[in-house]
Amino acid sequence: MKIEGVPVHEMEDTAGERGTLFRYLRRQDASPRRIAELAISSLLALAKTNSKVAIHLDAFEAVAKSDAPLTDEVADRLAAKLPGYWGCFLAGVRRNPARSLLFISTYVEIEQASVVANAAFASGDYGATAEIVRADPTLQIFWCEESLQRLASAQDLRQTLSARLHAWVQLQLCVIAQASIFEADAAQALTLCGAAEKLLDGTRISPGVQWLKMAKQLTGASSLANLREQLLRDGTAHDSLPSEATIKRWSRGAVFPQQTPALQVFVKRIAERSHIRDPSVSADQAYAALAHMYRIANRLQHTHWFALQILKDPDDSITRDFAAWHAHHLAADCTACDVNYG
């Protein structure tokens, strides 16, 4: 959830019963019936403004009214009546998934296709899991034959991890490439910042560095020092922007720009300077374009970290496969994924 921009600790800090529910879900000694009661209370509140939660409410109320103890069997029956984790998440989201949550639609599709494979995997039958994945076009596209063979031959859960991470990396590249084309601000970002593939430029992948270059390009600054000098004009306070040392760390790839109030001011001032440089570009357009590229860069940064753990040539692999997914989505108009990656 943290990778998707929804850290668990933020959900636990939510005021009222919903925050309590999230904290109960983390605790291993929490009463299942108390969790169901809190869930029902939260769902009733959500149902007033979000009709999509009705299926969840019906399922939890059926369990809460049952006289049977909340055993694993009852929990399994409850799970069978609900969408998967991402289906539940999507039902509770109030923002339009066509924007920054576009990827969740793909997650839900995969989650629905994975029910049988997940059951085989949970039972420890990794050979059957591999065969189920190989036969399902929705799942198989994220797996190469080598990974499927490693999965099938695994003797324990730990031995499945590398193969599963290979598939996960492909899934991330798929949805990131999709967002780079079909998010609401993608076309504007392409015009003002360039293609999303530019975030993977350089001798080693460092999306934060390339994003900063895009920001500098929007203002026409000749250097990082000149960039910050421009942003400090018109009375902008020094302490409202990232420090010079922080910006230099971004430019070296030592750290990825973190979402902070200072970063928000930084992007806002970049957008304003971009408008001053080219009045035909509004500050709002520039802000939306740079924010879009930041979201893409952030997801690529996370994906690259995982790829470093499992791939021999992660930079070449990510660059090549991201370009392949990007070309696929352009050709297929995002209607389906029907290509293989190795």
Side-chain angles (χ1 to χ4, degrees), residues 4-6 10 93-103 175-202 206-253 255-302 326:
E4 308 305 344
V6 193
E10 289 188 9
V93 169
R94 299 187 182 189
R95 287 184 292 169
N96 182 0
R99 192 178 171 85
S100 60
L101 295 177
L102 177 68
F103 64 90
V175 297
I176 297 169
Q178 184 184 50
S180 75
I181 301 170
F182 296 102
E183 267 196 12
D185 300 313
Q188 190 69 56
L190 176 64
T191 300
L192 297 181
C193 300
E197 289 94 327
K198 289 176 62 178
L199 293 168
L200 300 175
D201 285 351
S206 187
V209 173
Q210 301 305 324
W211 178 79
L212 183 59
K213 288 182 179 180
M214 291 177 177
K216 184 162 72 74
Q217 175 186 322
L218 281 174
T219 67
S222 57
S223 64
L224 290 177
N226 179 241
L227 172 64
R228 197 165 190 275
E229 179 184 326
Q230 285 192 25
L231 302 188
L232 286 170
R233 294 174 185 170
D234 304 322
T236 302
H238 278 267
D239 58 2
S240 67
L241 287 170
S243 68
E244 185 176 351
T246 295
I247 295 175
K248 286 181 178 179
R249 286 197 294 273
W250 294 350
S251 70
R252 295 195 305 269
V255 294
F256 184 84
Q258 296 299 307
Q259 296 187 47
T260 63
L263 181 67
Q264 291 180 338
V265 174
F266 179 81
V267 176
K268 180 180 178 182
R269 295 292 290 122
I270 290 284
E272 291 169 353
R273 297 305 302 178
S274 176
H275 172 65
I276 292 172
R277 180 190 179 213
D278 182 357
S280 68
V281 177
S282 73
D284 287 344
Q285 288 175 327
Y287 186 95
L290 201 55
H292 166 84
M293 282 300 187
Y294 178 87
R295 290 191 294 271
I296 300 299
N298 194 22
R299 293 181 68 86
L300 284 171
Q301 177 77 9
H302 284 296
H326 192 274

Kindly indicate, with the supporting measurements, whether the criterion side chain to side chain contact (heavy atoms under 4.5 Å, CB included) is fulfilled by R299 and F103.
CA-CA 11 Å; R299 293 181 68 86; F103 64 90; 3.9 Å; yes
Worked check of side chain to side chain contact (heavy atoms under 4.5 Å, CB included) between K268 and V265
CA-CA 5 Å; K268 180 180 178 182; V265 174; 5.5 Å; no
Begin with the C-alpha distance, continue with both residues' side-chain angles, and end with the deciding distance and a verdict on side chain to side chain contact (heavy atoms under 4.5 Å, CB included) for R273 and L231.
CA-CA 7 Å; R273 297 305 302 178; L231 302 188; 3.7 Å; yes
Side chain to side chain contact (heavy atoms under 4.5 Å, CB included) between L300 and R295, worked out:
CA-CA 9 Å; L300 284 171; R295 290 191 294 271; over 6 Å; no
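Classification of the F266-W211 ring pair by plane angle, with boundaries at 30° and 60°, yields tilted.
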Counting only pairs under 3.5 Å, give me each side-chain donor-acceptor contact of residues 186-198, with atom names and distances, residues two or more places apart or in other chains.
residue : atom : partner : partner atom : Å
T191    : OG1  : A187    : O            : 3.1
E197    : OE2  : H326    : ND1          : 3.3
K198    : NZ   : C193    : O            : 3.3

For residues 219-229, tabulate all N or O donor-acceptor pairs below 3.5 Å that involve a side-chain atom, not counting sequence neighbours.
residue : atom : partner : partner atom : Å
T219    : OG1  : K216    : O            : 2.9
T219    : OG1  : A221    : N            : 3.2
S223    : OG   : N226    : N            : 3.1
N226    : OD1  : S222    : N            : 3.0
N226    : OD1  : Q230    : NE2          : 3.3
R228    : NE   : P242    : O            : 3.0
R228    : NH2  : H238    : O            : 3.3
R228    : NH2  : P242    : O            : 3.2

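Here the CD1-CE distance, from I270 to M214, works out to 13.0 Å after rounding to the nearest 0.5 Å. For the atom pair S180 OG and M293 CE, the distance stands at 7.5 Å (nearest 0.5 Å).
Between the side chains of S282 and D284, no donor-acceptor pair of N or O atoms lies under 3.5 Å. In the model, R249 has a side-chain atom that pairs as donor or acceptor with a side-chain atom of T246 under 3.5 Å.
Between V209 and R252, the closest heavy-atom pair is CG2-C, 4.0 Å. Between Q259 and Y294, the shortest heavy-atom contact is CG-OH, 3.3 Å.
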